[in-house]
Amino acid sequence: MAATLTKKTTETGHDGSGRAQPLLQPRGKEIQPYGTLARLPIGLDDQVCQASVETLNQILADTMTLRDLYKKHHWQVAGHTFYQLHLLFDKHFEDQSELVDKIAERIQLLGGISIAMAHDVAETTRINRPPRGREEVPVQISRLLEAHELILKESRVAARQAADAGDDGTNDLLVSDVIRTNELQVWFLAEHLVVVPVVHAD
Ligand SMILES: [Fe+2]
């Protein structure tokens, strides 16, 4: 009886005892290294999938950076427009978060591997790194506008390449979701940089 009590619970007996022990800290080889393609039966050639995965990963890294830039500004905004910008920045953050998920899942369904972790995003993005400290509203907005424009330019090129290669799904994602969302957010931001009188008309 004493021997049974001291038996390690990771050992599974013939009677199945010990199966309740969780197997902790497993470490194995990656099942798919980054940059490789798993073939899925979606009727597209490997080269087409590979090209779309590569361009989408760049757009993903930039979109994740823009998403995080919105949250930074949501927290750090200051001044008499604090409340409206605090809310607007968070709204745009949410929209960009949805785009991140759509782009990442498109990469996976093409058989690729989407960039996920902040370290990898930081190494990949082309958006300039802002300082850790707080900046004035016009500086915050111009940083966002520059990031939007970078994403819009690369997305239009990528959308055309995807359409030419026959990858209509990627083209649709880029045009219907990424480009349209970014264009709309540029409008909402840019109108804040128009100098109009608050009380007296010119
Ligand atoms: Fe918040």
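In this text, all values refer to a predicted model and were calculated from it rather than measured experimentally. Numbering of ligands and ligand atoms starts at 1, following listing order.
Within the hydrophobic cluster formed by Ile, Leu, Val, Met, Phe, Trp and Tyr side chains joined at under 4.5 Å, directly or through other members, W75 stands alone, with no partner residue.
Here R39 pairs with D46 under the salt bridge (Lys or Arg N to Asp or Glu O under 4.0 Å) rule; sequence neighbours left out.
Using a 4.0 Å cut-off between charged nitrogen and carboxylate oxygen, E183 and R156 count as a salt-bridge pair. Using a 4.0 Å cut-off between charged side-chain N and carboxylate O, R106 and D101 make no salt bridge.
Inspection of the environment of the Fe ion (ligand 1) yields the following protein N, O or S atoms under 2.8 Å: H74 NE2.
Judged by distance alone, the side chain of T65 and the main-chain N or O of A61 form a donor-acceptor pair under 3.5 Å.
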Just list the side-chain donor-acceptor pairs under 3.5 Å for residues 186-195, sequence neighbours left out, or say none.
unit_1: H192; atom_1: ND1; unit_2: F188; atom_2: O; d: 2.8
unit_1: H192; atom_1: NE2; unit_2: Q84; atom_2: NE2; d: 3.0

